[in-house]
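Right, one structure below, let's go through it.
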Amino acid sequence: MSKLLSPVKLANLALANRVVMSPMCMYEVKKEDGVAEPFHFVHYGARALSKVGLIIIEATAVEPDGRITNNDLGLWNEEQQTELTKLVELLHGFDAQVGIQLSHAGRKAVDATNPLAPSTVAFNERYPLPSEMTLSEIKRVQDSFVQAAQRAAKAGVTMIELHGAHGYLMDQFLSPLVNQRTDLYGGSLENRYRFVKETVQAVRAVFSGSLWMRLSLTDYEEPGRQNSLEDWQQVAQWLQADGIDCLDCSTGGVVDKKPNIPIYDGYQVPFAAAIKQVVDIPVAAVGLLDNPDLCEYLLQTNQVDLVLQGRALIRNVNWLADAAAKLHDKSFQAYNDSYQRGVKR
């Protein structure tokens, strides 16, 4: 039996395997009202049918102007909660564990009427200039995260991931490249962490399920301009102390810059492995992890605890069944006998 496809209890979740569907924006809310559409039921239902251990529903905005685009999901009203409840119930019906990523895009909210950010610095010349958040706006956005978390809990999710990566609002507060504030929310690493800290603690107070944080552990900038890996290790330790159950490790996105390192299978894993060295909570890796043999190796060598699959599950909804064949794991069982006939041996 492979470690990748074996049942496990991690981050306060009992999972059928260590494969997690990464939260990927689909931009399929055609009505622009933040409400889940039939597409979402089919899209996520197919991955539940294929036995993904944990499905994380895509970035879901906590405020209308917090959406990346107007075609994003939202969770700031009751209608959105009602449809999310139906979606979660459907996925639970196929024995899937279900989570959701809560997000605010900050200065990367391209369709926002009034985009907000820690400081008045645009992402690039194609993005609107954001307004620097006042203290009252900071408190309001934090309250929006709390209210969205409460709605998610009522909808039945067992896990919430706070989006602190890829250049969205939490990442913007953490980054010295974006955060130029001179008050208690800017300056030192501890001050730049304050917005995240307060939000995590407030969400933790109202949500008893598994609480995750996604981080971008490098911005591909010169040393001294960005947070160092040691800075991120400190942030990871603070997050553990503040109630986070799992760290989902990615890279990039806070500035308009492509990676300046070689891109290879698992190229982001060394960042996740460095975080795992300093925390006592599970660490998840993402990024070009299509190869089941590589995934198994990373788990067997304890470099990471969970593997997030994004584009691999878009390309191949039956990735787990093919992984079982590649790993010679005869214990994997498809959804039913009919589906089992399609599993390669």
Side-chain angles (χ1 to χ4, degrees), residues 13 21 23-45 47-48 54-94 96-106 108-116 133 136-164 168-170 195 198-214 243:
L13 292 169
M21 183 178 183
M24 295 172 284
C25 293
M26 293 290 106
Y27 307 112
E28 278 294 325
V29 183
K30 302 300 186 185
K31 296 180 182 178
E32 299 188 354
D33 56 3
V35 178
E37 298 199 5
F39 166 85
H40 298 94
F41 289 77
V42 175
H43 171 64
Y44 291 109
R47 276 73 195 176
L54 171 65
I55 294 171
I56 309 178
I57 295 170
E58 65 204 77
T60 302
V62 301
E63 294 187 344
D65 269 0
R67 290 175 287 181
I68 304 167
T69 77
N70 286 346
N71 300 118
D72 290 356
L73 288 173
L75 197 50
W76 63 81
N77 66 37
E78 299 306 311
E79 183 183 5
Q80 294 160 349
Q81 179 188 316
T82 296
E83 288 306 301
L84 176 62
T85 302
K86 295 176 185 177
L87 175 58
V88 172
E89 288 175 349
L90 172 75
L91 301 178
H92 282 167
F94 290 103
Q97 286 277 18
V98 186
I100 191 168
Q101 185 185 69
L102 298 182
S103 177
H104 191 296
K108 293 181 80 173
V110 295
D111 293 332
T113 302
N114 179 33
L116 299 174
M133 294 174 72
S136 62
E137 286 171 331
I138 286 175
K139 181 62 167 62
R140 191 202 72 226
V141 170
Q142 290 173 330
D143 288 343
S144 294
F145 271 99
V146 170
Q147 292 166 22
Q150 290 173 317
R151 291 190 179 98
K154 291 177 182 176
V157 304
T158 52
M159 169 268 192
I160 288 174
E161 177 173 90
L162 301 176
H163 201 346
Y168 299 120
L169 186 62
M170 288 189 178
F195 175 81
E198 292 174 348
T199 307
V200 168
Q201 290 180 339
V203 171
R204 179 79 283 175
V206 301
F207 182 69
S208 61
S210 188
L211 185 60
W212 295 26
M213 172 69 76
R214 173 168 272 196

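These numbers come from the heavy atoms of this one structure, side chains and all, not from hydrogens, waters or symmetry mates. Computed from a predicted structure; not experimentally measured. Along the sequence shown, residues carry numbers from 1.
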Nearest 0.5 Å, please: how far is [atom2] in [Y] from [atom1] in [X]?
X	Y	atom1	atom2	value
K108	I68	NZ	CD1	8.0 Å
K139	E137	NZ	CD	13.5 Å
H40	E37	NE2	CD	7.0 Å
D143	T199	CG	OG1	9.5 Å
R151	T82	CZ	OG1	10.5 Å

Next item on the list: Using the side chain to side chain donor-acceptor pair (under 3.5 Å) rule, collect all pairs that involve residues 54-70, keeping only residues at least two apart or in two chains.
Entry: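 For residues 54-70: Y44-E58, E63-R140, E63-S144, R67-N70, T69-D72.
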Item checked: Results of side chain to side chain contact (heavy atoms under 4.5 Å, CB included) for A155 - residues two or more places apart only ->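 For A155, the residues satisfying side chain to side chain contact (heavy atoms under 4.5 Å, CB included) (neighbours in sequence not counted) are L84, T85.
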Notebook entry, point to check: By side chain to side chain contact (heavy atoms under 4.5 Å, CB included), which residues pair with A148, not counting sequence neighbours?
Noted result: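 A148 satisfies side chain to side chain contact (heavy atoms under 4.5 Å, CB included) with V62, L75, L102 once adjacent residues are dropped.
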Residues in ring pair (Phe, Tyr, Trp, His ring centres under 6.0 Å) with [X], at least two apart?
X	result
Y168	H163
F207	none
F39	H43
F195	F173

Notebook entry, point to check: Are side-chain heavy atoms of I55 and F94 found at a separation under 4.5 Å?
Noted result: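 When only atoms from C-beta onward are counted, F94 and I55 do not touch, as no gap falls below 4.5 Å.
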How would you list, by chain and number, every residue that makes a side-chain hydrogen bond (donor to acceptor under 3.5 Å, both in side chains) with [X], sequence neighbours excluded?
X	value
K154	none
Q97	T158
E83	K86
E198	Q142, Y185

Kindly give the heavy-atom pair with the smallest separation between [X] and [Y], and that separation in Å.
X	Y	result
P64	W76	CG-CE2, 3.5 Å
A152	I100	CB-CG2, 4.0 Å
L13	S210	CG-CB, 3.7 Å
V146	A202	CG2-CB, 3.5 Å
A149	V203	CB-CG1, 3.8 Å
A96	A48	CB-CB, 3.8 Å

Next item on the list: Take M21 and I56, measure what side chain to side chain contact (heavy atoms under 4.5 Å, CB included) needs, and give me the verdict at the end.
Entry: CA-CA 6 Å; M21 183 178 183; I56 309 178; 5.8 Å; no
Next item on the list: Assess whether side chain to side chain contact (heavy atoms under 4.5 Å, CB included) is satisfied between Q101 and R214, documenting all intermediate values.
Entry: CA-CA 9 Å; Q101 185 185 69; R214 173 168 272 196; 3.9 Å; yes
Check: What pairs meet the salt bridge (charged side-chain N to carboxylate O under 4.0 Å, His left out) rule with one or both residues in residues 24-34, with sequence neighbours excluded?
Finding: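 Matches after skipping sequence neighbours: E28-K30.
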Check: Can H104 and M170 be said to form a side chain to side chain contact (heavy atoms under 4.5 Å, CB included), step by step?
Finding: CA-CA 8 Å; H104 191 296; M170 288 189 178; over 6 Å; no
